[in-house]
Protein chains: 2
Amino acid sequence: MAPDTTTWTPAGAAEPELACPISPVVDIVFSRWTTPILWTLHTHGRQRFVELERRIAKITPKVLTQRLRQLERDGLIVRTYHPEVPPRVEYEISELGRSLAPLFAHLAEWAAENLDRVEQARHDYDTEPAAR
Amino acid sequence: MAPDTTTWTPAGAAEPELACPISPVVDIVFSRWTTPILWTLHTHGRQRFVELERRIAKITPKVLTQRLRQLERDGLIVRTYHPEVPPRVEYEISELGRSLAPLFAHLAEWAAENLDRVEQARHDYDTEPAAR
DNA sequence: GTAGCCACTTTCCTATAGGTACCTACTATA
DNA sequence: TATAGTAGGTACCTATAGGAAAGTGGCTAC
């Protein structure tokens with residue numbers, strides 16, 4: 001039997017939900033590699049497997065397949081298979097996936113405003129041996 | 001030498017940033033256990049280590065320490081050490097951390113509106129053997 | 001004197017995500 | 001004949017995050 005990638009359980013399986021109502025969403029939307037995939041699909045539109053592979057770079061086909069299956073199962077992307085030769089498969093964002101756009105924009109906005117503050121905080125923390 | 005938990009590298013170290021400008025934020029804010037910690041700190045205010053440990057439950061002290069250090073280094077929370085006996089340490093959200101509040105609210109809103117759609121999509125995917 | 005408290009720290013161990021590399025079937029092209 | 005292109009599948013292996021459990025130090029309360 002092949003390992004069932006469709007029932008793959010995200011990293012947050014130990015239920016931190018008890019304390020945090022947004023943990024489920026985080027597991028769905030922000031697990032590893034999902035944001036680059038969604039972002040690429042969003043900015044470049046419908047794409048084939050190899051296009052995604054090339055654009056995201058450093059991702060291996062195995063992992064890309066796993067994540068695409070997961071995103072498809074969660075209804076965030078749509079997979080269309082064309083039984084041609086050579087086979088052609090296209091991926092695109094679903095309507096549910098598109099509903100994440102303002103959220104991503106919000107995130108990008110926060111990043112633009114505050115990422116350097118995080119960098120500064122890290123630098124301060126690392127170059128201040130006295131307080132610890 | 002003790003393992004240096006302060007320079008801990010989050011899971012997304014293989015740089016998916018190439019394709020996705022929000023990946024850095026995701027690594028900082030949405031790595032495992034950070035949202036429950038930030039959420040608990042936000043809703044219950046300043047707290048001691050044991051209070052966090054009890055509220056979040058299932059988190060081990062080791063991991064809690066690691067994540068608190070990481071969040072402190074990133075400037076999202078503030079740690080205050082009182083050299084008493086027994087020792088007392090208090091954690092609270094920093095201003096930078098508080099600036100995440102609208103983002104979290106946005107996330108909670110999306111969850112409330114769309115989480116059941118994800119559930120539905122999963123159910124559909126799992127109970128439709130024909131298309132695959 | 002010993003048990004408990006707090007805030008960790010340390011050691012040991014395991015689960016698993018993810019990487020490498022090779023494989024499929026089919027066709028067109030050189 | 002051999003290679004390339006397509007969308008993955010599969011086996012093997014490793015790195016490491018994270019869990020369990022015990023320890024630490026200094027004081028207090030019983």
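First the proteins, then the strands, lettered A, B, ... as listed; each starts at 1.
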Test side chain to side chain contact (heavy atoms under 4.5 Å, CB included) applied to A/I37 and A/R55, A/R67, A/Q47, the passing residue: A/R67

Rounded distance (Å) that lies between atom C1' of D/dG25 and atom CD of B/E84: 16 Å

Atom pair distance, as rounded to whole Å: OH in A/Y81 and P in D/dG8: 9 Å

A/H42 atom NE2, neighbour heavy-atom count above 12 within 6.0 Å: no

Side-chain N,O (B/T60) to OP1/OP2 (D/dG18) below 4.0 Å: no

Listed nucleotide nearest any side-chain atom of A/P86, set C/dA7, D/dG5, D/dG8: D/dG5

Mutual orientation of the aromatic rings belonging to B/W39 and B/F104 [parallel < 30°, tilted 30-60°, perpendicular > 60°]: parallel

A/D126/B/R73 salt bridge by N-O under 4.0 Å criterion: yes

Nearest-angstrom distance from the residue atom CD1 of A/I77 to P of D/dA7: 14 Å

Side-chain N,O (A/R69) to OP1/OP2 (D/dG8) below 4.0 Å: yes

Check: A/Q120/A/D116 side-chain N/O donor and acceptor closer than 3.5 Å: no

d(CH2, A/W33; P, C/dA17) in whole Å: 16 Å

Residues in side-chain hydrogen bond (donor to acceptor under 3.5 Å, both in side chains) contact with B/E84, at least two apart in sequence or another chain: B/R88

Strictly under 3.5 Å: I want the nitrogen or oxygen pairs between protein and nucleotides 21-23 of chain C, one per line.
none

B/V63 vs A/F49, nearer the 5' end of DNA chain D by closest nucleotide: A/F49

N or O in side chain of A/R32 less than 4.0 angstrom from C/dA17 OP1/OP2: no

Separation of atom CD in A/Q66 from atom P in C/dG18, rounded to whole Å: 7 Å

A/I37 CD1 - C/dG18 C1' separation (whole Å): 13 Å

Nearest to side-chain heavy atoms of A/P87, which nucleotide of D/dA7, C/dT9, C/dG19: D/dA7

Whole angstrom value for the distance that separates P of D/dG8 from CZ of A/R88: 13 Å

Heavy-atom donor-acceptor pair, A/S94 side chain to A/G75 backbone, under 3.5 Å: yes

Length of the CZ-P vector between B/R67 and D/dT16, whole Å: 14 Å

